[in-house]
Amino acid sequence: MMIARSVMLVLALLGFGAAAEPSQFNIGDECELSLSYDIELERDSLEVSDAGESLYRIQGDQLWVRGKSVDLDASQRTLVRDYHAEMERQLPKVLELVNDALMLVGSVLDTVFTELSDFGLDPSQGTDVMARIQDKVDASMRTENGGIRLSANAMDDFSNELDQALESEIESVISASMGGMLMALGQAMSDGDAEQRLEDFGTRMERMGERIETEMDAQANVLEQRANAMCGDWQQLDKLEQQMQRQIPELAEFDLVVQGDPELAMLR
């Protein structure tokens with residue numbers, strides 16, 4: 001229960017929860033954004049796609065729409081270049097925030113596993129669990145070339161998948177260690193009054209929970225402040241995209257970043 005509460009606190013902070021189509025996610029408490037399509041940011045290019053179909057690609061100040069090069073004037077090239085550059089600044093921040101939130105969850109697991117080491121759990125197993133979770137996140141948000149992938153569909157299921165992965169990993173560790181835990185607990189009971197031992201164990205777990213909650217609240221607040229600071233950046237990115245759509249007719253149909261109700265995007 002305590003671990004689940006900790007995980008959900010971080011996930012609630014990031015806002016990666018199941019949402020209606022298209023994908024919605026929150027950057028802090030002040031921004032509700034929708035991604036209509038998938039984004040892949042490589043070292044020198046930005047590609048927006050839908051279910052594997054490339055919609056448009058930007059490389060520097062050059063633009064391709066559905067695989068065809070688009071002739072741009074100087075003003076349009078500046079817009080395309082600025083949009084690409086802004087994506088290069090913002091997408092790494094999202095990935096960094098996710099990774100820092102995972103580190104926060106990892107610190108909670110380390111504390112729990114260390115506290116339970118007297119009962120047969122290896123303290124290093126918390127680190128091992130988070131390493132496997134990190135691998136799954138990297139597989140979802142990293143491209144084969146080390147770029148960044150932000151998938152509209154994947155964001156819908158991100159919190160559920162992470163929660164399920166954590167639950168599965170933790171259950172696996174507990175199950176594998178159950179024999180040793182029962183032996184350690186049985187030994188502890190045989191060394192004195194069993195009822196008192198159980199009471200002491202419950203008190204110990206309660207204090208650990210309070211300590212973790214206090215420490216995590218402080219760190220989560222820092223993450224939340226960073227997330228809210230990103231809000232204005234994404235608002236500006238959305239405005240830049242709208243300007244690009246107005247000035248480049250070939251992009252008018254592709255509204256990637258939507259702020260607020262996605263059903264009202266066409267009215268902007």
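Source: prediction; values computed, not measured. For the numbers below, each heavy atom of this structure counts, side chains included, while hydrogens, waters and symmetry mates do not.
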Stepwise side-chain contact (heavy atoms from CB on, under 4.5 Å) check, R132 with D128: CA-CA 6 Å; R132 291 191 289 272; D128 294 340; 3.9 Å; yes

Validation row: I148, R142 side chains within 4.5 angstrom (heavy atoms): yes

Minimum-distance pair of heavy atoms, taken over all atoms of D61 and L72: O-CD1, 3.6 Å

Side-chain touch L35/V257, heavy atoms, less than 4.5 angstrom: yes

Set of residues satisfying side chain to side chain donor-acceptor pair (under 3.5 Å) with respect to Q76, sequence neighbours excluded: none

Nearest-0.5 Å distance that lies between atom CZ in R149 and atom CG in D138: 11.0 Å

Heavy-atom pair of closest approach, residues Q243 and L79: CD-CD2, 3.6 Å

R43: partners by side chain to side chain contact (heavy atoms under 4.5 Å, CB included), with sequence neighbours left out: none

Expected output: side-chain T78 to main-chain A74 donor-acceptor under 3.5 Å: yes

Minimum heavy-atom distance S54-S49, with the two atoms named: CA-CB, 4.0 Å

Partners passing side chain to side chain contact (heavy atoms under 4.5 Å, CB included) against E42 (at least two apart in sequence or in another chain): E40, S45, T143, N145

Any E88 side-chain heavy atom under 4.5 Å of L41 side chain: yes

Value rounded to 0.5 Å, distance of CG in D217 from CD in E224: 10.5 Å

Test side chain to side chain donor-acceptor pair (under 3.5 Å) applied to D50 - qualifying residues, sequence neighbours left out: none

Ring pair (Phe, Tyr, Trp, His ring centres under 6.0 Å) contacts touching residues 125-147 (sequence neighbours left out): none

Over all atoms of both residues, closest heavy-atom pair of Q247 and S75: OE1-OG, 3.4 Å

Name every donor-acceptor pair, under 3.5 Å, that has one atom in a side chain of residues 89-99 and the other anywhere in the protein, sequence neighbours excluded.
from : atom 1 : to   : atom 2 : distance (Å)
R89  : NE     : E86  : OE1    : 3.1
R89  : NH2    : E86  : OE1    : 2.5
Q90  : NE2    : E86  : OE2    : 2.9
K93  : NZ     : D233 : OD2    : 3.3
N99  : OD1    : Q134 : NE2    : 2.9
N99  : ND2    : L95  : O      : 3.3

Heavy-atom pair with the smallest gap, counting every atom of S36 and D255: OG-O, 2.9 Å

Separation of Q242 CD from R246 CZ (nearest 0.5 Å): 6.0 Å

Separation between CD of E250 and CD of Q245, rounded to the nearest 0.5 Å: 12.5 Å

Qualifying ring pair (Phe, Tyr, Trp, His ring centres under 6.0 Å) pairs with a residue from residues 44-68, counting only residues at least two apart or across chains: Y56-F254

From CA spacing to verdict: side-chain contact (heavy atoms from CB on, under 4.5 Å), R57, L46: CA-CA 6 Å; R57 179 169 61 90; L46 171 72; over 6 Å; no

Step-by-step side-chain contact (heavy atoms from CB on, under 4.5 Å) determination, Q62 to V80: CA-CA 7 Å; Q62 297 179 295; V80 167; over 6 Å; no

D135 CG to M130 CE distance, which is reported to the nearest 0.5 Å: 10.5 Å

Note, L256 side chain near D238 side chain (heavy atom, < 4.5 Å): no

Side chain to side chain donor-acceptor pair (under 3.5 Å) involving R66 - partner list, sequence neighbours excluded: E53, E253

Residues in ring pair (Phe, Tyr, Trp, His ring centres under 6.0 Å) contact with Y83, at least two apart in sequence or another chain: none

Nearest heavy-atom neighbours spanning I58 and H84: CG2-CB, 3.7 Å

Counterpart residues, ring pair (Phe, Tyr, Trp, His ring centres under 6.0 Å), relative to Y37 (two or more places apart): none

Residue list, side chain to side chain donor-acceptor pair (under 3.5 Å) with D110, at least two apart or on another chain: T127

Heavy atoms from other residues, nucleotides or ligands near CG of D71 exceed 12 (cutoff 6.0 Å): no

Salt bridge (charged side-chain N to carboxylate O under 4.0 Å, His left out) contacts touching residues 97-107 (sequence neighbours left out): D100-R226

Within-4.5 Å side-chain heavy-atom neighbours: D82 and L240: yes

